[in-house]
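These figures come from a predicted structure and were not determined experimentally. Side chains are part of it too, since the values below use all heavy atoms of this structure and drop only hydrogens, waters and symmetry mates.
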2 protein chains.
Amino acid sequence: MAQNIYDDEGFFDRYAQLPRSRDGLAAAPEWPALQAMLPPLRGLRVLDLGCGYGWFCRWAADEGAAAVVGVDLSERMLARAAEFGVPPGAAYERADLEHLDLGGRSFDVVYSSLTLHYVEDLARLVGTVRGALPAGGSFVFSVEHPVFTAPPNPAFVEGPGGAVWPLAGYAAEGPRVTNWMADGVVKHHRRLDTYVRLLRAAGFALADLVEWTPSAADLATHPDWGDEVHRPAFLLVGATAL
Amino acid sequence: MAQNIYDDEGFFDRYAQLPRSRDGLAAAPEWPALQAMLPPLRGLRVLDLGCGYGWFCRWAADEGAAAVVGVDLSERMLARAAEFGVPPGAAYERADLEHLDLGGRSFDVVYSSLTLHYVEDLARLVGTVRGALPAGGSFVFSVEHPVFTAPPNPAFVEGPGGAVWPLAGYAAEGPRVTNWMADGVVKHHRRLDTYVRLLRAAGFALADLVEWTPSAADLATHPDWGDEVHRPAFLLVGATAL
């Protein structure tokens, strides 16, 4: 079974304080770029891998999706999602993405926000996603960017000309243990070309690719994000099933 | 007119000592991955942007290409290419890629090795390439990787855990002045997502993407390349005209 940091009480409490946990999609600066990769959801069947509090699932239901399934490993996350109210046509399910079995169900859009870098066997999961989509279906996801996940010491340091991101270990894919809001959080570093290759191997065409860094408007609102221009934090990908 | 460092005498002399200048494609460690993105060239019309000494043009002619055109800004490069002998069906032409005009000619494959990061108006050039290819035609190129071109100080430094690449300035596209083999060499930094976006905007589908880092076999032959695993040096792209 995959690591389930979200059911660690301390982690869960700290996670609950993140702006994107409290305020949902509007507090996620990469959301507009990710949203732009989605087709209009009206009448479509939507799956969210790593649905957390269900912000995206509720938005998808509001957009008129015919069916919305949110999957998460964390019982606490799913309980919180249910507290917000389950929209008509929506359902939450507990599942481990390492062993996801959709039981033959089909979807038109599969979405995932900042979850897939916790999955070790991503090739298997991408194959499962492809098998649940018709040709033309969409797989839209964000992950921590490979230059973000690569370094053994992922924190800005002062260089001669200011802050620099100490990029190292890019070629060495595999687990990275960090202490983000809890000790011993395991992420799986993959190269950017590996994400592209896994998608192609599973039968997807790459439709969109965005490396998120803050815009001028983001920086005006959040001057504390100044260092975020030095390396992309998030990789956003839109893929179309062939 | 674009900067023409290759006609600087000191630069040209130092460039001539690079393994890939002396020994051609076999001395370029990224060549096998780039070659794998090319279709079989027999009977095809091939254009090489930034042909240098003509190593690729001669290889393409050997592979049976019906016609090969090599373009370069540097008179010295083209003179050296001619000294190696111009194969039947091949021709070398002097042109500035900032203002390339192919005069209505068509090609089946456009290739470029480690040249496009010197081009300021890449959107224009990619449009010119697209206009010279039929649907299904191939555009295969390598550039210095965006994490390589981004930093104002592009050299490894010692971090607490060993060598790190001081990534900075990734979001700020534009010129970077470096002193690679000559003072004041100007490269144009672009984000990886910009390369993808420019290709899509011009009417290409992304077919292949490889971030070159040394293999175990490369490292056995070149133990001095050890730090190259910490960040990709080259970005290799294969695109198909839609």
Side-chain angles (χ1 to χ4, degrees), chain A residues 33 145-148 150-173 190-197 199-200 205-216 218-219 225-240 242, chain B residues 33 145-148 150-173 190-197 199-200 205-216 218-219 225-240 242:
Chain A
H145 193 285
V147 304
F148 190 93
N153 298 298
F156 283 103
V157 295
E158 279 303 305
V164 302
W165 181 254
L167 182 57
Y170 189 86
E173 300 192 314
R190 289 179 191 89
R191 308 156 54 114
L192 195 153
D193 58 0
T194 293
Y195 283 105
V196 173
R197 183 176 50 75
L199 288 167
R200 287 176 52 81
L206 187 74
D208 289 292
L209 189 151
V210 167
E211 300 174 293
W212 185 82
T213 55
S215 66
D218 289 329
L219 289 172
W225 290 357
D227 285 345
E228 296 294 320
V229 301
H230 291 311
R231 54 100 186 91
F234 307 130
L235 175 67
L236 319 182
V237 178
T240 305
L242 293 171
Chain B
H145 193 285
V147 303
F148 191 93
N153 298 298
F156 282 103
V157 294
E158 278 303 305
V164 302
W165 181 253
L167 182 57
Y170 189 86
E173 300 192 315
R190 288 179 192 90
R191 308 154 56 112
L192 196 152
D193 58 2
T194 293
Y195 283 104
V196 173
R197 183 176 50 76
L199 289 166
R200 287 177 51 82
L206 187 75
D208 290 292
L209 189 151
V210 168
E211 301 175 292
W212 184 83
T213 55
S215 65
D218 288 330
L219 289 172
W225 290 356
D227 284 346
E228 297 293 321
V229 301
H230 291 311
R231 55 99 186 91
F234 307 129
L235 175 66
L236 319 182
V237 177
T240 305
L242 294 170

Taking side chain as everything from C-beta outward and backbone as N, CA, C, O, which of these in B/V210 sits under 4.5 Å from a heavy atom of chain A? Side chain, backbone, both or neither.
both

Is B/V229 close to chain A through its backbone or its side chain, or both, or neither, when contacts mean heavy atoms under 4.5 Å?
both

Which word best sums up how the rings of A/H230 and A/F156 line up, parallel for under 30°, tilted for 30 to 60°, or perpendicular for over 60°?
perpendicular

Under 4.5 Å from any heavy atom of chain B - which part of A/R191
both

If you look at every heavy atom in B/P232 and B/H145, which pair is closest and at what distance?
O-CB, 3.3 Å

Side chain to side chain, A/F234 and A/F148, heavy atoms closer than 4.5 Å
no

Give the minimum heavy-atom separation between A/E173 and A/T194, together with the two atoms involved.
OE2-OG1, 2.7 Å

Chain A contact via B/R231 - which portion, at a heavy-atom distance below 4.5 Å:
both

What part of B/P166 gets closer than 4.5 Å to chain A, counting heavy atoms only: side chain, backbone, both or neither?
both

Using a cut-off of under 4.5 Å on heavy-atom pairs, state which of A/A150, A/G161, A/A168 scores highest against chain B.
A/A168

Interchain contact, A/A205 with chain B, by part (heavy-atom threshold 4.5 Å):
neither

With a 4.5 Å limit on heavy-atom distance, are the side chains of A/P146 and A/Y170 in contact?
yes

Residue from B/A171, B/A163, B/A172, B/P151 scoring the most non-hydrogen pairs under 4.5 Å with chain A is B/A171

Kindly give the heavy-atom pair with the smallest separation between B/E228 and B/T213, and that separation in Å.
O-CG2, 3.8 Å

So which of A/V237, A/L209, A/V147 actually passes side chain to side chain contact (heavy atoms under 4.5 Å, CB included) with A/L192?
A/L209

If you count heavy-atom pairs under 4.5 Å between each of B/D193, B/V164, B/N153 and chain A, which one has the most?
B/D193

